[in-house]
Novice: 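One structure coming up, written as structure tokens, with questions to follow.
Counting starts at 1 for both ligands and their atoms, in listed order.
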Amino acid sequence: MPKKIILDVDPGVDDALAIILALFHPEMEVVAITSVGGNVPPTIASRNVSGLLGFLDPDRWPRVGVANLPDDGLPVEGRYGPSVDYLEAACLRVAGLRSPHPAEKVICEEVRAAPGQVTIVALGPLTNISRAFHRDPELPSLVGQLLISGGTVTVGGNITPAAEFNVFCDPKAARHIFRSPANKFLVPLDVTNKAVLTFDLFHELPSDSSKVGWILRAILPPAFLTYHQRFGLEAIHVHDSVTLMAALIPEAFEFKELAGDVEVAGELCCGATVFDRRRVPAWTPNIHVARRMRTRKVIEELIAGLKLAAQRAGLMELP
Ligand code: RIB
Ligand code: CA
């Protein structure tokens with residue numbers, strides 16, 4: 001039976017890839033997609049989710065939950081800006097939702113509808129998940145699995161020297177989640193940094209006669225350009241699709257239960273994830289953390305998943 005999935009996303013190219021993969025994968029049933037501010041402000045994140053869904057038009061539409069914070073309601077100063085909306089390049093048409101439901105409400109309802117069976121895949125800041133857990137304090141014990149893209153164990157951050165982007169954006173929410181009793185799995189930068197989509201692999205993607213090929217060719221080149229200009233790389237990171245793969249092919253990942261928490265203050269280390277890795281830890285293990293991954297297998301599955309999605313989503317309509 002396909003896994004019931006809630007995708008919580010801040011699209012973002014990386015998140016968009018994960019949405020495409022999950023929507024058309026036969027082993028996943030995406031029951032909801034909820035948006036959160038992160039890579040882009042909340043309203044843009046919600047707009048991008050609607051635009052992607054409208055364009056891809058999957059056989060089974062998930063419920064949609066919208067980011068429920070004003071664009072200027074930043075949990076951390078500077079959180080949303082300056083941000084680049086790579087999905088803008090696709091000029092997706094967006095139909096307004098008739099009665100938009102807040103993300104945290106949708107999360108609570110979908111988990112309650114299938115207790116113990118839903119995997120939440122959190123690919124952005126943990127704002128919505130934290131709000132859902134506040135709204136329904138029993139929820140953590142009803143979630144089957146909470147898979148989180150974010151944090152670091154031994155490597156440096158990617159938004160500050162110490163912090164990973166998603167955790168940095170809303171460290172209080174991340175701390176709340178780390179300290180919650182949910183069945184949590186973290187896929188940190190230590191692992192996701194290792195899987196990149198190279199320019200060579202870009203040429204293996206489905207052709208632009210398919211909807212999926214078309215949109216990938218619209219949104220990926222600006223991201224490749226940024227990586228080239230900023231980091232001198234001919235490749236882009238795909239942290240969120242890698243995290244999704246941990247739900248699809250868990251056998252390709254090695255998890256270890258660690259004792260972790262999040263720094264919520266501090267001039268230099270706000271948003272850093274801290275793990276008790278002393279010889280004799282004093283903290284109690286509370287989160288499963290991916291320590292190793294079969295990188296080649298993960299990238300192969302990712303490309304195969306996008307090809308499958310291209311077949312299932314169908315062809316671009318001629319004007
Ligand atoms: O640090 C990785 C995260 O930040 C991903 O979720 C990606 O979308 C990025 O902006
Ligand atoms: Ca993301």
Novice: For the Ca ion (ligand 2), state how many protein N, O or S atoms fall inside a distance shorter than 3.0 Å.
Specialist: 5
Novice: Could you check whether any side-chain heavy atom of Met316 comes within less than 4.5 Å of a side-chain heavy atom of Phe55, counting everything from C-beta outward?
Specialist: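 Answer yes - side chains close enough.
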Novice: Can you pull out every salt bridge (charged side-chain N to carboxylate O under 4.0 Å, His left out) where at least one residue sits in residues 41-56? Sequence neighbours excluded, please.
Specialist: Arg47-Asp85
Novice: CZ/Arg217 to NE2/His203 distance, rounded to the nearest 0.5 angstrom?
Specialist: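 Here the interatomic distance stands at 8.0 Å.
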Novice: If you define the side chain from C-beta out and look only at heavy atoms, does anything of Lys3 sit under 4.5 Å from Gln145?
Specialist: yes
Novice: Would you please name every residue forming a side chain to side chain donor-acceptor pair (under 3.5 Å) with Ser35, sequence neighbours left out?
Specialist: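 Testing Ser35 for side chain to side chain donor-acceptor pair (under 3.5 Å), a comparison that skips the adjacent residues, returns Ser46.
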Novice: State, with a plain yes or no, whether a side-chain heavy atom of Glu110 is found less than 4.5 Å away from one of Val106.
Specialist: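 The answer is yes, as the side chains (C-beta and beyond) meet within the 4.5 Å cut-off.
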Novice: Can you tell me how far CD1 of Ile215 sits from CG of Leu220, rounded to the nearest 0.5 angstrom?
Specialist: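 Between atom CG of Leu220 and atom CD1 of Ile215 there are 9.5 Å.
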Novice: Is it true that Phe231 and Val238 fall in one hydrophobic cluster, defined by side-chain heavy atoms closer than 4.5 Å?
Specialist: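 Yes, Phe231 connects to Val238 through the hydrophobic network.
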Novice: Residue by residue, ordered by chain and number, which ones reach under 4.0 Å of ligand 1 with a heavy atom?
Specialist: Asp14, Asp15, Asn39, Leu123, Asn158, Glu164, Phe165, Asn166, Leu189, His239, Asp240
Novice: Using every non-hydrogen atom in the two residues, find where Leu186 and Phe255 come nearest and quote the distance to one decimal.
Specialist: O-CE2, 3.6 Å
